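Read through the structure below, which is laid out as structure tokens, and then see the notes.
Just so we're clear, the structure is a prediction, and the values are computed from it rather than from any experiment. In what follows, every chain begins at residue 1, and chains take the letters A, B, ... in the order their sequences are listed. The basis for the numbers below is simple: all heavy atoms, side chains too, and nothing from hydrogens, waters or symmetry mates.
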Amino acid sequence: LSALQGDEIVKPASFAEKFGLSATEARQELVYAVKAGMLSPVYRLNTNVLIVDSLNSWTENPTDLRRSWATDDGGVVDGANPKNIEVAFRRVATVGGRA
Amino acid sequence: MTYAMHDLLQDMLKDNVPLDEKMLAYLSVTDTTRLKGLLDRLQKVRDFNVKAIAATRRAANLAPASKRMHVKVKLKSVEGAKSRLVGQIFERIVNLLCDGCAVFSTITNIRTSTAEVDVLIELGPSAALIPMLRSAGTHMLGEAKCYTSGMKAEWINELVGIMDQHNCNHSVLFVASPSKTLNIEHRHGLQLHARGGKMIIPFGLKQLTEIANGTNFLSVLGRQHVSVLTGAIALAI
């Protein structure tokens, strides 16, 4: 994790695959890193469908997503439901002199 | 399978990682513009001069060209109307706070077999993410007191009785009394009841003003909770 670049996004699934961890172990390690101030969670809507008027890019502030979003296929994603918010992690602290 | 915020919150709860301000802000959003408007309205109604209103209405009814008769012309009935209006505005304020909070849902004015509950706060699964709510069980009570008098020990003791009748160990006492630091009698009462398993969190105009100025509802509620438990001298409404 300390080798991550400042803007690199880590998803639990890819982290688990890269280091041969189970999903639970990977989640635990990432949460520990958040607790240590090394990583910060980032959020976006948990959908593969195009969102009208939004690129659905990662944001550090989940409150930005807390509303209803119209999707390209005519559906709606409720951003107020935590199950509809996807989480990944971004490096925040300087470790070993790396930014 | 993607990792959802719901999973992150559960993992943080499991590992005792405190929620940051951004997560709290997501879990509780308050329309501060509306809250400020309601607080202003509450103050305006409170400032109504009931004697002057009653006198003006009586004079208007007696005027020969009067087309519209005022029904409430007696001082008592005007006072009653003012109290009802204050109660309605305060109820809207309480609902505004509770409705913006994703960790619980509320039902107002519930009549039970023993009493009428102002607000029944049902705690969802994510309520356990908030440290102060971990021991709260399935529900809390919200009691609103809209009097201009200061906090009364009877309110606390009565609420403990109502909590007992409703199998509840946490409640929020929403008070519209003038802001002040609670005296030792009230602090002691709250602290002793908390030690006995009945946690009452006093929540007054001071806290509502803080929220209107941008502080998160859950943060303010958590701070009041800790102040009750510790009997903090600074505990205020």
Side-chain angles (χ1 to χ4, degrees), chain A residues 9-18 21-49 51 56-69 77-90 92-93, chain B residues 1-35 95-106 122-131 133-134 211-221:
Chain A
I9 299 288
V10 185
K11 287 184 178 185
S14 56
F15 181 72
E17 195 182 326
K18 188 172 180 181
L21 302 169
S22 69
T24 312
E25 285 170 335
R27 284 162 59 161
Q28 200 173 27
E29 290 301 323
L30 291 167
V31 170
Y32 281 156
V34 170
K35 193 177 182 178
M38 219 172 145
L39 295 181
S40 165
V42 286
Y43 312 87
R44 70 179 179 186
L45 293 172
N46 190 6
T47 178
N48 292 325
V49 184
I51 303 291
N56 197 18
S57 45
W58 294 104
T59 173
E60 289 184 352
N61 194 353
T63 313
D64 295 345
L65 305 170
R66 202 179 188 275
R67 66 178 177 90
S68 292
W69 297 84
V77 177
D78 178 14
N81 184 346
K83 288 180 181 171
N84 291 337
I85 306 291
E86 185 184 356
V87 181
F89 299 89
R90 182 182 278 160
V92 283
Chain B
M1 202 174 115
T2 52
Y3 186 56
M5 189 174 181
H6 179 77
D7 304 317
L8 173 66
L9 294 171
Q10 295 294 344
D11 287 346
M12 291 177 83
L13 172 66
K14 206 163 58 187
D15 291 329
N16 267 328
V17 181
L19 301 185
D20 62 20
E21 284 298 318
K22 286 172 186 165
M23 287 179 184
L24 280 178
Y26 176 82
L27 292 173
S28 176
V29 177
T30 305
D31 183 347
T32 52
T33 311
R34 183 154 163 71
L35 180 58
N95 289 342
L96 179 71
L97 288 183
C98 295
D99 290 347
C101 197
V103 298
F104 48 67
S105 56
T106 55
E122 292 178 333
L123 301 171
S126 50
L129 301 163
I130 312 299
L133 298 177
R134 281 180 199 171
I211 295 166
N213 290 330
T215 313
N216 187 272
F217 171 48
L218 288 173
S219 301
V220 178
L221 201 62

**Item:** Residue, of B:L27, B:V29, B:N16, B:D11, that accumulates the most heavy atom pairs under 4.5 Å with chain A
**Value:** B:D11
**Request:** Count the heavy-atom pairs under 4.5 Å between each of B:K22, B:M23, B:K14 and chain A, then report the option with the highest count.
**Result:** B:K22
**Message:** Do B:D7 and A:V87 make a side-chain contact, defined as non-hydrogen atoms from C-beta onward lying under 4.5 Å apart?
**Reply:** no
**Interchain contact, A:P62 with chain B, by part (heavy-atom threshold 4.5 Å)** = both
**Item:** Interchain contact, A:N84 with chain B, by part (heavy-atom threshold 4.5 Å)
**Value:** neither
Contact summary for [X] and [Y], nearest pair of heavy atoms:
X     : Y      : result
A:K35 : B:D15  : NZ-O, 3.5 Å
B:A4  : A:P82  : CB-O, 3.9 Å
A:R66 : B:C101 : NH2-C, 4.4 Å

**Message:** If I take atom OG1 from residue B:T2 and atom CD from residue A:E86, how far apart are they, to the nearest 0.5 angstrom?
**Reply:** 5.0 Å
**Fill in**
d(B:H6 NE2, A:I85 CD1) to nearest 0.5 Å is 13.0 Å
**Message:** A quick test of your reading: do over 12 heavy atoms of other residues, nucleotides or ligands sit less than 6.0 Å from CG of B:N213?
**Reply:** yes
**Asked** Between the main-chain N or O of A:A80 and the side-chain N or O of B:Y26, is there a donor-acceptor pair closer than 3.5 Å?
**Response** yes
